[in-house]
Amino acid sequence: MWRPLHRCAELPLHCFSAAFHRPPPPRSSPPPAPPARGAPPAHAPLSSLDVIVFDKDGTLLDFAATWLSALREVAEHVAASVHQPSLATQLLRTGGYLPATAGRAAAVSAGSIMLEGTNDELALAWIALHPEVAARWASQPGALAASMSAVLKRASVRDATPLTRGARGALLRMREAGLRLAVVTNDDEELALAQLDRLGWLPLFDAVVGQDSGHGAKPGGGGVSAAIAAVGSRPARALMVGDSATDIAAGRAAGCLGTVAIVPRGAELPSELAAANYRVADLEELVSLLAEQGFSPLRQ
């Protein structure tokens, strides 16, 4: 989800005229997709693993269940602030929100600002693209972003939902096996803590690092490196688990032992996740993978 930049007022509005549909960065042809139980490099056996770093949304939490209502509510909030409730639908559309249809549940489009951008960027895009919003907020975009952030925090904490019913049990098994667990997210640390606390999961994690924790945002490896150091380990004994290319890139940038892509069961592996050493559908499957790949405390 979004990571507030805390410098909204410094950014020129013209920079965001097409921000909500930014093309993906150019990249070379992806390497072949790994098998569901692909082997890591020979020099990196999982038997030496002692820490797992998790992304949050789409990895620990169900993105749709946690965030879609929040997105609708923030659009309604901004529309109400300019006394035009009907504007909410247009705001959602420009942010990348895809309403439910007869054959598809509501979703957020890949590459959209709502999925990959920041709260501040969304506020600036709405000001740049909607005259009604600009008339009220162009002189104080930071205040708009702050009010949006408050709505998003309240709603996403209220709706925080595990990715699967078995997620907590899987986390408990990993902790009981002696692994230290951490979260690195592109949300603010305070929001991540509040969502995990809502689920009763805070005691399961030894470190929670947000984009505002002073180590930068993913795909940079600073946050992952900081989380690993915070639990007293080193990258050569750490695994990074996430559902996006930024997560895999962050793990590789930090020098992790390996990376794991979360891909829904039965879904085709996205090319941007092909660099991951492993692919699993959920945390329960991750537990099985660890056991299969040499982490003896989890073997049956």
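Starting from 1, each residue takes its place in the sequence as its number. It should be emphasised that the depicted structure is a prediction, and the values quoted were computed from it without experimental measurement.
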Chemist: For atom CD of Q140, decide whether the heavy atoms of other residues, nucleotides or ligands shown that lie under 6.0 angstrom number more than 12.
Modeler: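 Counting other residues, nucleotides and ligands, CD of Q140 exceeds 12 neighbours.
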Chemist: Return yes when atom CZ of R104 has more than 12 non-hydrogen atoms of other residues, nucleotides or ligands closer than 6.0 Å, and no otherwise.
Modeler: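 Yes - once you tally the heavy atoms of other residues, nucleotides and ligands closer than 6.0 Å, there are more than 12.
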Chemist: Would you check if S147 and H77 make a side-chain contact, meaning some heavy-atom pair closer than 4.5 Å?
Modeler: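 Touching, per the 4.5 Å side-chain cut-off.
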Chemist: What are the two closest non-hydrogen atoms of L269 and A274, and how far apart are they?
Modeler: CD2-CA, 4.0 Å
Chemist: Flag the pair F295 / L289 as yes when at least one side-chain heavy-atom distance between them is below 4.5 Å, and no otherwise.
Modeler: no
Chemist: Can you check whether Q84 reaches Q90 side chain to side chain, under 4.5 Å on heavy atoms?
Modeler: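 Sidechains of Q90 and Q84: no contact.
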Chemist: To the nearest 0.5 Å, what is the distance between CD (E176) and CG (L298)?
Modeler: 9.5 Å
Chemist: Any side-chain heavy-atom pair from L286 and Y278 closer than 4.5 angstrom?
Modeler: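 The answer is no, as the side chains (C-beta and beyond) never meet within the 4.5 Å cut-off.
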Chemist: Please report the shortest heavy-atom distance between M240 and F54, naming the atom on each side.
Modeler: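 Taking every non-hydrogen atom into account, CE-C, 4.3 Å.
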Chemist: Quick check: do T185 and L191 have side-chain heavy atoms less than 4.5 Å from each other?
Modeler: no
Chemist: Looking at OG of S86 and CG of L91, how far apart are the two atoms once the value is rounded to the nearest 0.5 Å?
Modeler: 9.5 Å
Chemist: Under 4.5 Å between side-chain heavy atoms, counting indirect links through other Ile/Leu/Val/Met/Phe/Trp/Tyr residues: same cluster for L60 and L181 or not?
Modeler: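 L60 clusters together with L181.
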Chemist: Supply the atom-to-atom distance L239 CG to L290 CG, rounded to the nearest 0.5 angstrom.
Modeler: 6.5 Å
Chemist: What is the distance from atom CG of N119 to atom CE of M114, rounded to the nearest 0.5 Å?
Modeler: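 So the gap between those two atoms works out to 10.0 Å.
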Chemist: If you measure from the Lys or Arg side-chain nitrogens to the Asp or Glu carboxylate oxygens, is any gap between D55 and K218 under 4.0 Å?
Modeler: yes
Chemist: Between G220 and A253, what is the shortest heavy-atom contact and its length?
Modeler: C-CB, 4.5 Å
Chemist: L163 and A281: which non-hydrogen atoms are nearest, and at how many Å?
Modeler: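 Scanning both residues completely, I find the closest heavy atoms to be CD2-O, 4.4 Å.
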Chemist: So, taking the atom named CG in L68 and the one named OG in S156, what distance separates them when rounded to the nearest 0.5 Å?
Modeler: 11.5 Å
Chemist: Do V184 and F63 sit in one hydrophobic cluster, given that two such residues count as connected whenever their side-chain heavy atoms are within less than 4.5 Å of each other, even indirectly?
Modeler: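 V184 does not cluster with F63.
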Chemist: Do Q211 and D188 pair up side chain to side chain, a donor and an acceptor below 3.5 Å, judged on atom types alone?
Modeler: yes
Chemist: Tell me whether L98 shares a hydrophobic cluster with L71, the cluster being built from Ile, Leu, Val, Met, Phe, Trp, Tyr side chains joined at under 4.5 Å.
Modeler: no
Chemist: Would you name the heavy atoms of S112 and V108 that are closest together and state the gap between them?
Modeler: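 Looks like OG-CG1, 3.2 Å.
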Chemist: Applying side chain to side chain donor-acceptor pair (under 3.5 Å), which residue pairs with at least one partner in residues 250-266 are found, sequence neighbours left out?
Modeler: T259-N277, R265-D282, R265-E285
Chemist: Hey, are the side chains of S244 and D57 touching, using non-hydrogen atoms and a 4.5 Å cut-off?
Modeler: no
Chemist: Return each pair, listed once, that meets side chain to side chain donor-acceptor pair (under 3.5 Å) where at least one residue sits in residues 196-206; pairs must be two or more places apart or across chains.
Modeler: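 Qualifying pairs, neighbours excluded: R175-D206.
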Chemist: What distance separates R173 CZ from E284 CD, expressed to the nearest 0.5 Å?
Modeler: 10.5 Å
Chemist: Given side chains that start at C-beta, do those of V53 and C256 come closer than 4.5 Å, heavy atoms only?
Modeler: no
Chemist: Are any of the side-chain heavy atoms of W137 and V82 separated by less than 4.5 Å?
Modeler: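 With C-beta onward as the side chain, the pair touches.
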Chemist: Applying side-chain hydrogen bond (donor to acceptor under 3.5 Å, both in side chains), name anything that partners R237, two or more places apart in sequence or on another chain.
Modeler: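 By the side-chain hydrogen bond (donor to acceptor under 3.5 Å, both in side chains) rule, R237 matches no residue at all.
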Chemist: Same cluster or not: are V209 and L193 linked, directly or through other Ile, Leu, Val, Met, Phe, Trp or Tyr residues, by side-chain heavy atoms under 4.5 angstrom apart?
Modeler: no
